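The shown structure was predicted, so the numbers you read here are calculated from the model rather than taken from an experiment.
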Amino acid sequence: EVIRSRFCIPVIFSTAYHDKGQIERAKLAIPFGYVLKPIQKRDLKVTIEMALYVVKVDEERRKAEKMLQKSEEKYRNLFEQSPEPIIILNMDGIVSDCNKVAGSIDYGREELIGKNFSELEILQQDRDKYEAILDRVVKGQIEIFEVEINLRNEDVIWLEIHPAIINDENNKSIRLIIRDMTNRRKAEEALRESEVKYRKLVNDSPDLVYRTDNTGKITFISQSVERLSGYTIEEAIGINMAKEVYVYPDQRKAFISELIKNGQIQNFENPLKRKDGSIWWGSANARLLTDVDGNILGVEGIVRDITERIQAEEVLQKINDELEATVEQRTAELKEINNALTILLQKSQEDKIKLEEKVLSNVKELIIPIMKKLRKSQFDEEQMSLLNTIETNLNNIISPFSRILSSKYSSLTPKEIQIANLIKEGKISKEIAESIGSSTNTVEFHRKNLRKKLGLIKTKKNLKTHLLSLP
């Protein structure tokens, strides 16, 4: 027995004894043969071959059992060390086994084993639903399902259950791998709430929020599109921006070029077409959408309606243009009036000067000579006094005229001024000599002095013409 069990060597008894007691003792060693003497070679050979074959089979069985044991240990280790809860049910839905993690879902391991899964307290609110699911699983209709569980501490968690049928040699069982989806559910709920808030914010915004793909077709647009452009959301989706929205398609090209260059664009103003063909103005802020490799996916942006501002600017520009035209017209009119007034004033001044010169000339030519002749007459004292008074008053009258004329000819003597005025009147030297009571030679002398003082000595310019040209 020791030889067989320790060394796996088959034992064959060869003996001449065949009494019952001896055979019973031999059985204790579990021999592979019991050969009675006299031994036949053929019987011994067959017995030995059979013994060796049985040993080989037994050894293979032992190895298989050992491998199976190792496999079961490995499976058990994986089962126990799994980070996810695993529950094993028999085909009646009774919990036959579970790992340690499964015992953390509101029940201890000992509490779970032996209980009907669908009758667990935490599943009572949807018991019928879970029983129906398990029935389908038993029938081979495998499906992943989620359950909402109210824990006994009143916390709520979400679990995703992955069922599978396990077939072993003896029976079938159901394996449930459970994943805690609570955090994912909370994240999804937060995302849904965020999307609702974002969508509400977008749809409540008076501005137009949009997104296009890389071909320029609208893939998303806010509700304000109907108010601003006349398109419904359904009509706007799929519209090509360059072909159907931009008044000038080249502006779309400039818009995209700026986006590709800088990745974003601000306050891009351009006219846009409404559904009915009318025009409205928008100011766009946008950014380029790309994937992780930098490939362009599309454009996302916001467009603000600036139509009223543009119209106001156009009206203001029109008013400014009209005002500038009016100012230019009035300025031209004022210039004409000013020129006319200047000419009138100049003419008036010239007429005044001519009148003064005429008065002075007449006084000197017509009255002064007579006054001089009268002084040579025989007057009594009273008559002479009256003559002096007349002469004094006459000098007072013409003295301003004399100052005005002398200012024009500041370098001339009174006699030269008198002769210059007579020359301007067109009188010849003989006529001047008679007017002033001098000789013709004296007048010629003064004429030469006049040409010298007026810078006309070396010129052929006419003295009368030059005098008339002086202011």
Side-chain angles (χ1 to χ4, degrees), residues 328 331-379 381 383-471:
E328 290 178 358
T331 301
E333 292 174 354
L334 289 174
K335 283 183 178 179
E336 291 179 1
I337 293 172
N338 183 62
N339 291 337
L341 289 174
T342 300
I343 293 171
L344 288 174
L345 289 173
Q346 185 178 355
K347 181 64 176 175
S348 175
Q349 186 66 22
E350 291 176 355
D351 292 344
K352 178 182 177 183
I353 291 172
K354 288 181 178 179
L355 177 62
E356 291 172 348
E357 290 177 348
K358 190 69 174 179
V359 169
L360 183 61
S361 176
N362 288 337
V363 168
K364 288 183 176 182
E365 292 179 6
L366 301 176
I367 299 176
I368 295 301
I370 294 173
M371 294 293 291
K372 287 181 178 179
K373 290 180 179 180
L374 288 173
R375 283 189 175 278
K376 294 178 181 180
S377 301
Q378 297 296 320
F379 291 120
E381 186 176 344
Q383 291 174 330
M384 189 57 68
S385 175
L386 290 172
L387 183 61
N388 290 334
T389 299
I390 292 172
E391 187 175 4
T392 299
N393 290 333
L394 187 60
N395 288 330
N396 289 335
I397 291 171
I398 66 173
S399 60
F401 299 163
S402 297
R403 285 195 298 272
I404 292 171
L405 292 175
S406 62
S407 65
K408 294 165 58 178
Y409 314 115
S410 58
S411 63
L412 306 181
T413 64
K415 180 60 73 174
E416 289 170 345
I417 292 173
Q418 182 182 14
I419 292 173
N421 287 327
L422 292 172
I423 292 172
K424 286 174 65 177
E425 293 176 5
K427 295 185 180 296
I428 61 176
S429 295
K430 183 177 179 182
E431 292 174 334
I432 294 172
E434 292 177 353
S435 296
I436 62 175
S438 296
S439 66
T440 302
N441 290 336
T442 300
V443 172
E444 289 295 331
F445 174 77
H446 286 300
R447 288 177 74 99
K448 289 181 181 179
N449 282 341
L450 283 170
R451 291 186 66 84
K452 182 178 180 181
K453 288 182 178 182
L454 295 175
L456 302 176
I457 290 297
K458 295 182 180 181
T459 67
K460 295 182 179 180
K461 193 170 183 180
N462 184 270
L463 180 58
K464 175 185 175 183
T465 303
H466 180 72
L467 290 172
L468 288 172
S469 67
L470 295 176

Query raised in the report: Is any side-chain heavy atom of V443 less than 4.5 Å from a side-chain heavy atom of K430?
Result: no
Query raised in the report: Of all heavy-atom pairs between K452 and I457, which one has the smallest distance, and what is that distance?
Result: CA-CG1, 3.4 Å
Query raised in the report: To the nearest 0.5 Å, how far apart are NZ in K335 and CG in N338?
Result: 10.0 Å
Query - Point-to-point distance, once rounded to the nearest 0.5 Å, from CD1 of I337 to CG of L344 - result: 11.5 Å
Query - From CG (L463) to CG (L450), nearest 0.5 Å - result: 6.0 Å
Query raised in the report: How long is the span from the CD1 atom in I428 to the NZ atom in K464, to the nearest 0.5 Å?
Result: 11.5 Å
Requested in this report: Considering non-hydrogen atoms only, spot the tightest contact between K424 and L467 and give its length.
Outcome: CG-CB, 3.4 Å
**Report entry** Closest non-hydrogen atom pair between A433 and T440, with its separation
**Finding:** CB-N, 3.8 Å
Report task. Determine the minimum heavy-atom distance between T459 and R451, stating which atoms define it. Result -> O-NH2, 3.2 Å
Requested in this report: Heavy atoms only: give me the nearest S429-R447 pair and the separation to one decimal.
Outcome: OG-CD, 3.3 Å
Query raised in the report: Between NE2 of H446 and CD1 of I423, what distance do you get to the nearest 0.5 Å?
Result: 10.5 Å
